[in-house]
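The shown structure was predicted, so the numbers you read here are calculated from the model rather than taken from an experiment. Lettering follows sequence order; numbering is per chain, from 1.
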2 protein chains.
Amino acid sequence: MTGDERRSQILHVAIKLFSQYGFRGTTTKEIARAAGVSEAMVFRHFATKEELYHAILDHKACEGGGSNPCDEIAGLIASKDDYQVFYNLMLNALNHHEADPEFMRVLFHSALEGHELSEIFIERNIVPVYELMSAYIAERQKDGAIRADVNPRVVVRAFVGMMIHHALNNSLWDRKRRLLDISNEEAARAFADILLRGVGPAAE
Amino acid sequence: MTGDERRSQILHVAIKLFSQYGFRGTTTKEIARAAGVSEAMVFRHFATKEELYHAILDHKACEGGGSNPCDEIAGLIASKDDYQVFYNLMLNALNHHEADPEFMRVLFHSALEGHELSEIFIERNIVPVYELMSAYIAERQKDGAIRADVNPRVVVRAFVGMMIHHALNNSLWDRKRRLLDISNEEAARAFADILLRGVGPAAE
DNA sequence: GTCTATACTAGGATAGAC
DNA sequence: GTCTATCCTAGTATAGAC
């Protein structure tokens with residue numbers, strides 16, 4: 001195996017373990033064993049455990065390319081089709097987390113442990129989405145499509161809350177304990193629907 | 001210090017540390033040091049680290065007494081005042097997690113680590129609330145107060161999602177990064193409002 | 001690129017004195 | 001009830017051979 005291949009393989013194994021046990025809970029011994037190499041190999045490719053942990057961010061940044069949720073729905077935002085905007089944001093996020101549950105778990109662990117990894121990611125990737133969505137909602141309030149007496153940030157919080165909580169529950173145990181067993185499409189439809197009716201202009 | 005006092009003190013210190021670093025990420029050495037005693041003392045009161053971890057559940061069960069969210073709003077449920085039901089459930093939960101953020105964090109860590117602690121708690125305390133709320137929503141659908149085409153469990157998921165995500169964000173960094181700085185009352189009002197309008201009968 | 005061997009610290013847990 | 005000393009394993013990291 002070439003250097004790059006091995007490096008990538010170790011990184012993938014590490015992501016899996018970090019996503020299960022967090023930074024402090026994962027040992028370099030485990031990573032080495034799971035990758036089928038000696039510990040010396042791990043430290044050959046990554047100077048420290050910390051460096052290996054941070055490499056996750058770079059890897060995810062590369063993997064995602066330039067694509068982020070904002071770009072994907074830019075067209076919909078321009079069209080001001082609220083339902084499509086929220087439905088697609090929700091569905092994309094749920095699908096994304098279903099396809100790659102590890103990264104979300106790594107971030108949760110990192111946030112709970114108080115590790116800087118999550119802060120870096122949130123500052124770079126989450127805050128901008130928050131801002132964009134808040135701005136969109138404020139704009140739609142001016143248009144009269146959304147009630148003016150709701151705080152846009154609270155709406156975003158509600159939206160993200162439904163999304164993250166559902167994605168995390170799916171990843172953690174819905175496969176096992178069928179508290180709620182629905183497709184991502186159905187979830188996205190229901191959540192977008194609740195949110196939009198919830199903040200829409202009051203009925204006459 | 002008497003045995004019980006010491007035991008309780010060690011437990012409290014342990015909860016704080018487990019809530020920060022999770023089970024695997026917390027060491028008995030740290031616990032002992034933070035409690036100002038030797039490690040031997042820790043193992044005198046708790047046979048193993050695992051036993052100490054599980055003692056958190058018993059302690060919280062005792063502390064909460066018999067009171068759980070269901071009892072607290074039983075009267076409101078009977079009155080079928082939807083807004084009061086959801087508002088109070090939300091506000092109680094947010095206040096509770098604000099007063100005692102450690103426990104929520106311990107549970108999150110435990111769930112992410114795949115430790116049985118969280119499963120025990122969820123089975124005993126969360127599932128019943130889920131069931132109660134789903135049943136209430138189904139009943140209100142029969143009454144025509146809530147649209148019949150929504151899945152009650154999805155509504156509960158949306159509700160709990162807003163609540164847990166907001167509580168966790170508050171605990172993790174809203175004090176620091178003021179993405180959303182509102183009182184629990186305001187949050188509960190907004191979330192209950194969004195949810196109820198969201199699932200209410202369609203406007204004519 | 002990969003390994004074995006190793007250094008050294010930290011982790012969980014116990015023995016036995018006071 | 002509390003400590004020091006200790007056991008043994010596991011954890012991070014490095015040296016040096018192949």
Charged N-O contact under 4.0 Å between [X] and [Y]:
| X | Y | answer |
| --- | --- | --- |
| B:Glu30 | A:Arg24 | yes |
| B:Glu131 | B:Arg153 | yes |
| A:Lys16 | A:Glu102 | no |

Mutual orientation of the aromatic rings belonging to A:His166 and A:Phe191 [parallel < 30°, tilted 30-60°, perpendicular > 60°]: perpendicular

Aromatic ring pairing B:Phe23/B:Tyr53, orientation class (parallel under 30°, perpendicular over 60°, tilted between): tilted

Leading and trailing nucleotides of DNA chain C with any atom under 4.0 Å from heavy atoms of chain B: C:dG11 to C:dA15

Residues touching DNA chain D, which here means a heavy atom under 4.0 Å, drawn from residues 32-43 of chain A: A:Glu39, A:Ala40, A:Phe43

Any A:Thr27 side-chain nitrogen or oxygen under 4.0 Å from OP1 or OP2 of D:dA10: no

Can you check the [X] [atom1] to [N] [atom2] distance for me, whole Å?
| X | N | atom1 | atom2 | result |
| --- | --- | --- | --- | --- |
| A:Tyr21 | D:dG11 | OH | P | 12 Å |
| B:Arg44 | D:dA5 | CZ | C1' | 17 Å |
| A:Glu30 | D:dT9 | CD | P | 18 Å |

Side chain proximity check, B:Arg44 to B:Arg6, heavy atoms < 4.5 angstrom: no

Polar contact flag, side-chain donor to acceptor under 3.5 angstrom, A:His109-B:Glu113: no

B:Gln84 backbone acceptor or donor facing B:Asn88 side chain under 3.5 Å: yes

First encountered from the 5' end of DNA chain D, between B:Asp4 and A:Thr26: B:Asp4

Sugar-phosphate only, base, or nothing, as touched by A:Lys49 at under 4.0 Å among non-hydrogen atoms: sugar-phosphate

Sugar-phosphate, base or nothing in reach of A:Arg6, heavy atoms under 4.0 Å: sugar-phosphate

